[in-house]
Novice: 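I'd like to ask some things about the structure below.
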Number of protein chains: 2
Amino acid sequence: MPIDIPEVVIDRLPVYARALKLLERDSREVVSSYELGEQLGVTPAQIRKDLSYFGRFGKQGRGYNVHRLLSELRQILGLEQQWTLALVGVGNLGRAILTYGGFAPEGFSIVEAFDANPEIVGQCVGELVVRDVKELPDILHRSPVDIGIVAVPAAAAQGVIDTLVSCGTKAILNYAPIAARVHRDIRMRYIDPVLALQSMTFYLKSAKVSAR
Amino acid sequence: MPIDIPEVVIDRLPVYARALKLLERDSREVVSSYELGEQLGVTPAQIRKDLSYFGRFGKQGRGYNVHRLLSELRQILGLEQQWTLALVGVGNLGRAILTYGGFAPEGFSIVEAFDANPEIVGQCVGELVVRDVKELPDILHRSPVDIGIVAVPAAAAQGVIDTLVSCGTKAILNYAPIAARVHRDIRMRYIDPVLALQSMTFYLKSAKVSAR
DNA sequence: TGATGTGAATCAGTTCACAGCT
DNA sequence: AGCTGTGAACTGATTCACATCA
């Protein structure tokens, strides 16, 4: 059913949901596509068109009921559900991910953590005991997770991703700086601050004169 | 000069550069758009078209000289230069950013760190002493940085971004979960793992059956 | 009056396909 | 023979503009 909806549209829905959450917290009852667009730096037409893929949530002359629209979006995106995640790689970065407080309130709970380093295996980080990555297939076959988080060095990342996929993981959040190759029905998102910086410098270059 | 080149093209160049770096390390002399495309999951035509915005770097019948193309891309993107960054927000996340080893080898050096919490101000993290964010305008006016990194709570983020911009910062890497409003000649990149997860769940939803 | 929802028009990005070079 | 570079064709996304409704 939810196919042939452009992926860019899906990517924007969580942004809308986040803005609506703020509006709801401020007890706003109704919002127009114009106001929402203003807040998000998006055209009103874009918002209306995006939403129209999923239904008719607005009232002409009035706008959208904030609570109603938020709840529709949460339904559409599956944000009402609880999602389980397994983290692979408990170095600096992995630790920061484990202790980051932003996932749990959104329904994302990291239920397993793996590392290859024997000095790290067995450590407690937060609520979790770090497991040996060798046990990953066993553990995840027994109780699969919805999403894998990859925070291992570049050289190990493709292997880890392949293993996760072979355990039935259908979505991966990859922090490793590689262009991973996966079957196209596996969802992949990249968190890659270096890439982000390297594309901005193109625009800075012309302006930049001297070193500090 | 470098205007009306689509932004998506610029975003892909660092990806190409990264792949070329690997090839160079493996002492590969020449690579075709086909092979590069294979490795990156991109069509060869895309690569050739992207590169053609900047020049004719290939040899018909042969492909691209790896070293030459890498060095051209580094030039185009400004990766030969050293870039200075200021971090705002030295909580969990900020600390992870400061200790992350991936920036420095790419020429990005964090030269200032700011926080609003008096318990954090004055602490040493890595090489840096954390400054009070109140001193930020003074310090950055005196010695500006190229890029700001924002790792403060959502509620504080827009204010911090405005301050950075008023100090002449032209590019911002934003880790805060907000849709920031900035003048369009300020470059902004978002690092937002929650958004990434929330768009993937849309696709998982249909498949998901039971809870763990 | 003031907003939505949506076909149609436009704009942007990708892929095709092939001439041309080595 | 093999691959680049690039207009042209195509595909996809955004914006326009307006009928429609509260």
Side-chain angles (χ1 to χ4, degrees), chain A residues 2-16 19-20 23 28-73 76 179 184 199 202-203, chain B residues 2-16 19-20 23 28-73 76 179 184 199 202-203:
Chain A
I3 225 48
D4 75 86
I5 291 164
E7 195 159 331
V8 272
V9 172
I10 303 302
D11 288 349
R12 280 190 295 262
L13 297 187
V15 179
Y16 301 160
L20 289 164
L23 288 167
R28 284 288 308 275
E29 299 251 310
V30 170
V31 69
S32 70
S33 60
Y34 293 84
E35 188 183 352
L36 201 53
E38 187 89 20
Q39 277 181 37
L40 296 173
V42 165
T43 65
Q46 174 105 267
I47 293 174
R48 296 202 301 276
K49 171 74 76 169
D50 286 352
L51 297 177
S52 76
Y53 282 101
F54 302 96
R56 301 139 79 94
F57 305 124
K59 274 207 181 49
Q60 282 143 327
R62 252 171 92 55
Y64 300 89
N65 177 288
V66 170
H67 180 76
R68 156 94 196 289
L69 182 55
L70 176 54
S71 124
E72 294 281 0
L73 287 180
I76 291 162
R184 64 205 155 301
S199 62
F202 171 79
Y203 300 99
Chain B
I3 225 47
D4 74 86
I5 291 165
E7 194 158 332
V8 273
V9 172
I10 304 302
D11 288 348
R12 281 190 294 263
L13 298 188
V15 178
Y16 301 160
L20 288 164
L23 288 167
R28 283 288 308 274
E29 300 251 310
V30 170
V31 69
S32 70
S33 59
Y34 293 85
E35 188 182 353
L36 201 52
E38 187 88 21
Q39 278 180 36
L40 296 173
V42 164
T43 65
Q46 174 104 267
I47 293 174
R48 296 202 301 275
K49 172 73 78 170
D50 285 351
L51 296 177
S52 76
Y53 282 101
F54 301 95
R56 301 139 78 94
F57 305 123
K59 274 208 182 49
Q60 283 141 325
R62 253 172 92 55
Y64 300 89
N65 177 288
V66 170
H67 180 76
R68 155 95 196 290
L69 182 55
L70 176 54
S71 123
E72 294 281 1
L73 287 179
I76 291 162
R184 63 205 154 301
S199 62
F202 171 79
Y203 300 98

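Every chain is numbered from 1 and lettered A, B, ... according to where its sequence line falls, protein lines coming before strand lines. Keep in mind that what you see is a predicted model, and the values were worked out from it rather than measured.
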Novice: Under a 4.0 Å threshold between the charged nitrogen and the carboxylate oxygen, would B:E35 count as salt-bridged to B:R28?
Specialist: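 Salt bridge flag = yes for B:E35 with B:R28.
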Novice: Below the 4.0 Å mark, does C:dG5 have OP1 or OP2 next to a side-chain nitrogen or oxygen of A:Y64?
Specialist: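 Looking at the OP1 and OP2 atoms of C:dG5, one of them is under 4.0 Å from a side-chain N or O of A:Y64.
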Novice: Which pairs with one or both residues in residues 52-66 of chain B pass side chain to side chain donor-acceptor pair (under 3.5 Å), sequence neighbours excluded?
Specialist: none
Novice: For D:dT14 and A:R12 - does any side-chain N or O of the residue sit under 4.0 Å from the phosphate oxygens OP1/OP2?
Specialist: yes
Novice: Using a cut-off of less than 4.0 Å, is there contact between a side-chain N or O of A:R48 and OP1 or OP2 of C:dT4?
Specialist: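 Yes.
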Novice: Can you check whether B:Q46 has a side-chain N or O nearer than 4.0 Å to OP1 or OP2 of C:dT15?
Specialist: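 Yes, B:Q46 has a side-chain N/O under 4.0 Å of OP1/OP2 on C:dT15.
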Novice: With heavy-atom distances below 4.5 Å as the criterion, would you say the side chains of A:D50 and A:V42 are in contact?
Specialist: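 Heavy-atom side-chain distance check fails, nothing below 4.5 Å.
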Novice: Output yes when at least one side-chain N/O atom of A:T43 is less than 4.0 Å from OP1 or OP2 of D:dT14, else no.
Specialist: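 No, no such contact exists.
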Novice: Would you check if B:F57 and B:R68 make a side-chain contact, meaning some heavy-atom pair closer than 4.5 Å?
Specialist: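 In short, these two side chains touch, coming nearer than 4.5 Å.
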Novice: Whether the side chain of B:R56 and the base of D:dG5 hold a donor-acceptor pair under 3.5 Å is what I'd like checked.
Specialist: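 Counting by modelled atom types and ignoring angles, no donor-acceptor contact under 3.5 Å is found here.
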Novice: Look up atom CG in B:L51 and atom CD in B:E72, then write down how far apart they are to the nearest 0.5 Å.
Specialist: 10.0 Å
Novice: Just so I know, are the side chains of A:E29 and A:H67 near enough to count as touching, which here means a heavy-atom distance under 4.5 Å?
Specialist: no
Novice: Could you pick out which residue, A:E7 or B:V31, lies toward the 5' side of DNA chain D when each is mapped onto its nearest nucleotide?
Specialist: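 Its nearest nucleotide being more 5', the pick is B:V31.
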Novice: Would you check, one step at a time, whether the test side chain to side chain contact (heavy atoms under 4.5 Å, CB included) holds for A:Y16 with A:L69?
Specialist: CA-CA 9 Å; A:Y16 301 160; A:L69 182 55; over 6 Å; no
Novice: Quick one: CG on A:L36 to CG on A:L20, what's the gap to the nearest 0.5 Å?
Specialist: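 Those atoms lie 5.5 Å apart.
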Novice: So if I take the C1' atoms of five pairs at each end of the helix from C:dT1-D:dA22 to C:dT22-D:dA1 and get each local axis, what angle do the two axes make, rounded to 10 degrees?
Specialist: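 Comparing the axis at each end, I get an angle of 10°.
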Novice: Do you know which two heavy atoms are closest between B:I10 and B:F54, and how far apart they sit?
Specialist: CD1-CZ, 3.9 Å
Novice: May I ask you to verify if any side-chain N or O of A:Y53 is less than 4.0 angstrom from the OP1 or OP2 atom of D:dA13?
Specialist: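 Checking D:dA13 against A:Y53, no side-chain N or O comes under 4.0 Å of OP1 or OP2.
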Novice: Extract from the structure each pairing of a protein N or O with an N or O of nucleotides 8-12 of chain C at less than 3.5 Å, listing the distance.
Specialist:
none

Novice: Counting distance alone, no hydrogens or angles: does the base of C:dT22 have a donor or acceptor under 3.5 Å from a partner atom on the side chain of B:Q60?
Specialist: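 Side chain to base: no pair below 3.5 Å.
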